[in-house]
Amino acid sequence: MKKLIILALGVATMTSCKKAFEKINTNPNAAELASPDLLFSGASVNLVTTRAGGDLYISLALAAQTIASGGDYGWGADDVYAVSPYSTGNVWRTSYVSTAANLKQAIKFAEKSNPVKSGAIGQAKVLLAETMYETTMLFGDIPFSEAWNSEIVYPHFDNQEDVLNSILTTLDEAIVSLSTTGAEASAITGFDLFYKGDVSKWLKLANSLKFKVLMTLVDKVPSKATELQALYDANQMLSSAGDNFKMPFGTGTGNKNPKFAILEQYAGSYNFFFFANKSVIDPMLADDDPRISKFFDLGLGDTTDTYQGVESEEEADEFTSTISMRLYAATAPEYIMTYQELLFLQAEAAERGFLSGGRALAEEKYQEAILQSCLLAGVANGVASDFAATKSLTNLTDIYLQNWIDQMDRPIEAFNTWRRSGTKGNETPTLQIPRGAPNAGLMYRWEYPLDNEINPNVNAPKTKINYYEQQWFDL
């Protein structure tokens with residue numbers, strides 16, 4: 001029953017997206033309008049509502065163990081590793097058809113415009129890079145070089161290293177387009193739900209995403225470290241919370257954050273489903289972290305102002321803290337990349353010797369990242385500053401743990417951070433196989449949606465790849 005609800009949630013939260021897509025295109029396989037604006041807007045909505053919708057958010061946040069189901073007291077999942085093929089299939093199709101295919105078409109229209117819309121090309125390529133980065137980090141090897149080609153019915157699956165390098169190439173192309181004279185005038189504005197056509201912010205984002213992809217590659221390709229230093233020295237990445245890559249939501253029908261829409265439809269606009277996972281809240285409690293009251297709400301039966309979590313699939317009770325309705329509000333934005341995420345990555349790069357500056361630079365970036373995380377959570381400036389100043393950096397584990405905590409409500413990013421944080425069995429934090437899941441190992445990937453996406457494709461992998469098998473990037 002729960003899996004059927006997840007499917008329904010995915011459909012319900014895509015309503016506004018579907019309406020936008022219908023305006024864009026009467027043929028789902030070939031866009032017919034000559035303006036890139038609506039295509040870009042529709043792709044944006046599809047990407048973001050999928051991230052925050054039932055198919056991806058619920059399935060991945062529970063499996064990645066950033067939130068807890070509460071057992072039968074809450075969401076009640078019996079095996080969070082048994083991700084429904086409907087969910088994986090919906091996410092795959094949204095990525096390739098509703099998002100990436102429309103972005104590729106938008107790029108073509110922008111290239112054919114007279115004059116060429118270099119700003120729109122850059123925006124669409126940045127969003128395409130983000131889309132495919134999320135997709136490969138979920139599934140591993142995926143179609144890229146032969147994807148979206150009407151002459152190729154069955155595209156082959158590129159290995160993950162090639163996909164990540166292709167994403168870097170896409171970002172480099174975007175940077176060139178966004179740096180072209182006239183890019184500002186030719187950018188998508190009203191239909192840009194992220195930056196309203198501010199090319200300078202898109203350029204910062206492109207460089208920041210490039211830094212993140214390089215940090216994903218560097219463990220397997222150490223030579224990428226020189227590119228990290230060059231990017232850092234260029235100083236053209238996200239530089240404040242005002243640069244955060246996010247989509248706003250509203251209170252009108254079809255404009256609410258999908259997380260709120262889930263609770264509105266199934267829980268009377270309250271959170272009775274999702275609870276504080278001990279992997280997140282316990283280290284926060286140990287630090288007397290001022291973000292606790294911003295991330296979590298007290299249990300309904302609490303009378304002592306005591307916050308407490310629960311293991312991933314263990315039974316919650318009336319005293320267990322829930323994920324804050326502040327994060328699940330109708331107007332809560334969906335954050336795709338934040339300034340503090342970049343700061344944590346820079347701190348890691350410095351600590352690992354990829355950036356000159358060593359421990360001093362690493363601690364500076366680490367403390368600034370915690371400060372920015374606190375401020376974004378709504379902690380008062382003085383309290384946030386005092387807390388961040390107490391967080392001395394001792395080793396890489398500190399950086400990974402604080403990044404994990406900050407990304408609690410962004411399970412795609414948290415899942416990536418956790419897998420990158422150490423060799424198999426040595427990640428931060430230390431997770432256990434959830435109750436009810438097979439004793440085959442922790443989750444390291446989503447399995448391919450076989451029925452419609454894999455089985456008909458003669459060039460797709462034919463050997464089953466299990467959720468507990470690591471991806472190429474993962475040491």
Side-chain angles (χ1 to χ4, degrees), residues 9-57 89-113 117 119-135 147-150 170 174 177 186-199 201-202 205-206 209 245-250 252-259 261 333-337 412 453:
L9 294 175
V11 173
T13 57
M14 293 291 285
T15 302
S16 61
C17 177
K18 179 180 177 183
K19 290 178 180 177
F21 186 65
E22 288 171 347
K23 291 179 182 178
I24 295 166
N25 191 357
T26 58
N27 180 348
N29 297 314
E32 298 162 353
L33 300 180
S35 171
D37 296 50
L38 280 171
L39 287 162
F40 179 83
S41 177
S44 303
V45 171
N46 275 295
L47 172 67
V48 173
T49 54
T50 297
R51 283 176 57 97
D55 285 318
L56 199 155
Y57 177 80
N90 286 341
V91 171
W92 182 280
R93 284 186 292 274
T94 299
S95 176
Y96 275 98
V97 180
S98 304
T99 304
N102 278 321
L103 290 169
K104 294 287 283 189
Q105 196 66 44
I107 292 167
K108 288 182 180 179
F109 287 158
E111 289 172 339
K112 291 179 180 178
S113 297
K117 295 184 177 181
I121 293 170
Q123 291 166 289
K125 286 190 175 182
V126 173
L127 201 61
L128 176 64
E130 171 64 30
T131 301
M132 300 321 297
Y133 180 73
E134 292 182 13
T135 306
W148 315 291
N149 187 332
S150 60
T170 302
S177 294
S186 62
I188 297 166
T189 54
F191 288 93
D192 173 5
L193 304 174
F194 304 107
Y195 293 131
K196 296 300 180 184
D198 189 331
V199 166
K201 291 186 184 296
W202 279 103
L205 175 63
L209 290 176
F245 186 35
K246 65 180 181 179
M247 179 177 282
F249 288 100
T253 302
N255 293 321
K256 300 172 184 177
N257 186 309
K259 298 168 191 173
E334 173 66 9
Y335 290 93
I336 303 172
M337 186 169 189
I412 297 177
E453 282 66 43

#### Entry: N102 side, atom CG; L127 side, atom CG - distance, nearest 0.5 Å
11.0 Å
### Task
Supply the atom-to-atom distance S44 OG to F40 CZ, rounded to the nearest 0.5 angstrom.
4.0 Å
### Task
Go through the structure and list residues passing ring-ring contact (aromatic ring centres under 6.0 Å, His included) with Y96, not counting sequence neighbours.
W92, W148
### Query
Which heavy atom in V48 sits nearest to a heavy atom in F249, and how many Å separate them?
CG1-CZ, 3.7 Å
### Task
Starting at OG of S35, measure out to CD1 of I188 and round the result to the nearest 0.5 Å.
7.0 Å
### Query
Is there a donor-acceptor pair under 3.5 Å between the side chain of T50 and the backbone N or O of N46?
yes
### Residues that D192 engages under side-chain hydrogen bond (donor to acceptor under 3.5 Å, both in side chains), provided they are two or more places apart
Q123, W202
### Message
Against L56, only a single residue in T94, V91, T49 fulfils side chain to side chain contact (heavy atoms under 4.5 Å, CB included); can you say which?
### Response
V91
### Task
Would you tell me whether T99 and T131 have side-chain atoms, one donor and one acceptor, within less than 3.5 Å of each other?
no
### Task
May I have the step-by-step check of side chain to side chain contact (heavy atoms under 4.5 Å, CB included) for M337 and E130, ending in yes or no?
CA-CA 10 Å; M337 186 169 189; E130 171 64 30; 5.7 Å; no
### Query
Of all heavy-atom pairs between G122 and A174, which one has the smallest distance, and what is that distance?
O-CB, 3.6 Å
### Polar side-chain atom of S186 near backbone of G119 as donor-acceptor pair, under 3.5 Å
yes
### Task
Output, in order, the C-alpha distance, side-chain angles, deciding distance and verdict of side chain to side chain contact (heavy atoms under 4.5 Å, CB included) for F109 and L39.
CA-CA 10 Å; F109 287 158; L39 287 162; 3.5 Å; yes
### Query
In Å and rounded to the nearest 0.5 Å, what is the CZ to NZ distance from F194 to K246?
12.0 Å
### Task
Mind listing the closest non-hydrogen atom pair of P258 and A52 along with its distance?
CB-O, 3.5 Å
#### Entry: Taking every non-hydrogen atom, the tightest pair across N257 and P333
ND2-O, 4.1 Å
### Message
Looking at K196, I'd like to know if its NZ atom is crowded, meaning that more than 12 non-hydrogen atoms belonging to other residues, nucleotides or ligands lie closer than 6.0 Å.
### Response
yes
### Query
Is the shortest heavy-atom distance from the side chain of S95 to the side chain of M132 under 4.5 Å?
yes
### Task
Supply the atom-to-atom distance L128 CG to K104 NZ, rounded to the nearest 0.5 angstrom.
6.0 Å
#### Entry: Nearest atoms (heavy-atom pairs only) where F191 meets L38
CE2-CD2, 3.2 Å
#### Entry: Rounded distance [0.5 Å steps], CE in M247 versus OH in Y195
12.0 Å
